[in-house]
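Heads up: the structure comes next, in structure tokens.
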Amino acid sequence: MAYRATKKYEKKETIILAFDIGTTHSAVSFSYAYPGEFPDVRSVVKWPGQPEASGDSKGLRTEGAIQIPTIVAYQGGEAKEFGAEAREHLDDDEYEIARWFKLHLHPESMKSSQSSTGPEELEIPPLPLGVTLSQVYADFIRYIYKETKEFFVNNTPNGQFVWSRLEGRMPIIFCTPNGWDMSEHAFLRKAAIRAGIVTDSAANDRLLFITEGEASVHYSLAHTKTAEWLKEGTIFAVTDAGGSTVDSTLYRCRRERPLILEEVCASACVQAGGVYVDRAMEDTLRHKLVNSTYSDVETISLMARQFEQK
């Protein structure tokens with residue numbers, strides 16, 4: 001879904017990138033901001049190995065390939081395939097797969113058990129032999145950056161010229177769980193430098209971080225009829241249920257124009273989400289189908305994977 005600003009952009013010409021690297025899926029959005037124009041926020045809707053999302057390149061519909069599976073396939077410690085193409089090798093003994101690797105980065109404060117199917121019972125897939133978490137993130141960031149560049153160049157007038165001219169100074173935003181702090185941000189900063197998308201000297205200026213809760217607020221305000229319900233004094237909640245975390249935040253509207261929001265209380269971030277549902281479903285299948293013709297490991301894994309993808 002596209003979003004067009006309601007005010008003209010009057011600052012220096014730039015491209016703004018935003019990366020959301022999730023536990024199971026990731027996405028990238030961008031905006032080409034030109035003085036005197038109303039900027040659009042657009043999504044990358046074409047990824048290798050996936051059908052292009054229906055609608056136009058501005059994301060008028062969000063079905064299809066607006067998200068890429070957060071998966072990297074390795075051979076001999078070297079990244080070979082990414083996203084949907086890497087997913088094809090999940091059962092291939094010639095490849096080692098890095099998936100759900102975001103769970104390795106969660107701080108201890110987020111790893112307390114929340115339920116009987118909570119984090120303590122979830123087995124996090126190990127990283128490929130000899131591959132560090134920093135390398136996995138760097139490889140994946142490098143890949144989605146490369147594909148974002150290709151999409152921008154092919155879907156923007158004079159795209160190659162514009163990108164080449166602005167690449168060295170465009171801001172890059174990482175969307176992170178509310179429960180992440182300076183240490184996780186520092187990790188991503190080093191991974192981005194290692195990926196080669198920003199230099200060490202420019203990283204502090206060009207790399208920015210926004211919480212998933214705050215990003216959800218901006219999305220909600222952009223895609224709902226705020227004029228009908230958002231008034232001074234209104235208190236509202238925003239919950240972002242992701243792959244591995246659920247972020248909840250309570251806001252109060254202090255002023256409508258210009259819009260000023262304040263948190264009513266500290267945002268909450270718990271380690272819960274889609275991966276726990278997926279694992280619970282796999283456990284249920286294993287329990288319900290025991291001693292049946294469908295109880296073998298390969299069949300259970302295939303059914304669970306279909307559940308994850310749907």
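A quick note: this is a predicted structure, and the numbers were derived from the prediction, not measured.
Taking the side chain as every heavy atom from C-beta outward, Met303 and Leu289 approach each other to under 4.5 Å. In this structure, Lys80 and Tyr74 have side chains that are not in contact, with every pair of non-hydrogen atoms separated by 4.5 Å or more. Ile210 is not listed as a side-chain neighbour of Thr176, based on a closest heavy-atom distance of 4.5 Å or more. The closest side-chain heavy-atom distance from Thr24 to Val275 is below 4.5 Å. Side-chain contact between Leu285 and Tyr294 is absent, with no heavy-atom pair separated by less than 4.5 Å. Side-chain atoms of Glu298 and Asp91, non-hydrogen and from C-beta on, never get closer than 4.5 Å to each other. Contact annotation: the side chain of Gln75 never approaches that of Glu78 to less than 4.5 Å [non-hydrogen atoms, C-beta and beyond]. Between Pro69 and Arg99 there is no side-chain heavy-atom pair separated by less than 4.5 Å.
Using a 4.5 Å cut-off between side-chain heavy atoms of Ile, Leu, Val, Met, Phe, Trp and Tyr, with links allowed through other members, Ile300 and Met281 fall into the same hydrophobic cluster. Following chains of ILVMFWY side-chain contacts shorter than 4.5 Å, one cannot reach Tyr9 starting from Ile16, and the two form parts of different hydrophobic clusters. In the hydrophobic cluster analysis, where Ile, Leu, Val, Met, Phe, Trp and Tyr join through side-chain heavy atoms closer than 4.5 angstrom, Phe209 is grouped together with Trp180. Cluster annotation: Val28 and Ile71 are assigned to distinct hydrophobic clusters (Ile/Leu/Val/Met/Phe/Trp/Tyr, side-chain heavy-atom contacts under 4.5 Å, transitive). Linking ILVMFWY side-chain heavy atoms closer than 4.5 Å, directly or via other members, places Leu133 and Tyr143 in a single hydrophobic cluster.
With rounding to the nearest 0.5 Å, the separation of OG1 in Thr245 from NZ in Lys102 is 5.5 Å. Note that CZ of Arg194 and CG of Asp139 are 7.0 Å apart. Values are rounded to the nearest 0.5 Å. Note that CD1 of Ile197 is 14.0 Å distant from NZ of Lys146, once rounded to the nearest 0.5 Å. Here the CZ atom belonging to Arg252 is positioned 11.0 Å from the CG atom belonging to Leu261, to the nearest 0.5 angstrom. In this structure, the separation between CD1 on Ile21 and OG on Ser26 is 5.5 Å, given to the nearest 0.5 Å.
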- Task: Begin from the C-alpha positions of Leu103 and His106 and carry the test side-chain contact (heavy atoms from CB on, under 4.5 Å) through to its verdict.
- Result: CA-CA 5 Å; Leu103 296 175; His106 284 344; 3.8 Å; yes
- His218 and Glu214: side-chain contact (heavy atoms from CB on, under 4.5 Å), yes or no, with the steps? CA-CA 7 Å; His218 287 290; Glu214 187 176 356; 3.9 Å; yes
- Message: If you apply the rule side-chain contact (heavy atoms from CB on, under 4.5 Å), what do you find for Val72 with Ile97, and how did you get there?
- Response: CA-CA 6 Å; Val72 186; Ile97 305 299; over 6 Å; no
- side-chain contact (heavy atoms from CB on, under 4.5 Å) between Phe82 and Ile144, worked out: CA-CA 9 Å; Phe82 300 84; Ile144 60 175; over 6 Å; no
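Other residues, nucleotides and ligands place no more than 12 heavy atoms under 6.0 Å from the CZ atom of Phe161. Heavy atoms from other residues, nucleotides or ligands lying under 6.0 Å from CZ of Arg165 number more than 12.
No side-chain donor-acceptor contact under 3.5 Å links Glu88 to the backbone of Glu85. In terms of modelled atom types and a separation under 3.5 Å, the side chain of Thr234 and the main chain of Leu230 share no donor-acceptor contact. When atom types are taken as modelled, the side chain of Ser295 and the backbone of Ser292 share a donor-acceptor pair closer than 3.5 angstrom. No donor-acceptor pair closer than 3.5 Å links the side chain of Thr211 to the backbone N or O of Pro177.
Taking the six-membered ring where tryptophan is involved, the planes of Tyr95 and His89 are essentially parallel, since the angle between them stays under 30° and well short of 60°. In this structure, Phe19 and Phe174 have perpendicular ring planes: the angle between them is above 60°, well past the 30° mark. Taking the six-membered ring for Trp and thresholds of 30 and 60 degrees, Trp163 and Phe152 have ring planes inclined between 30 and 60 degrees apart.
Of all heavy-atom pairs between Cys175 and Asp20, the closest is O-OD1, 4.1 Å. A pairwise comparison of heavy atoms in Glu232 and Arg254 identifies CG-O, 3.2 Å as the closest pair. For the residue pair Gly179 and Pro107, the shortest heavy atom distance occurs at O-CG, 3.5 Å. Of all heavy-atom pairs between Gly213 and Val238, the closest is O-CG1, 4.5 Å.
Each of Glu37, Glu13, Arg42 was checked for a side-chain hydrogen bond (donor to acceptor under 3.5 Å, both in side chains) with Tyr32, and the lone residue meeting it is Glu13.
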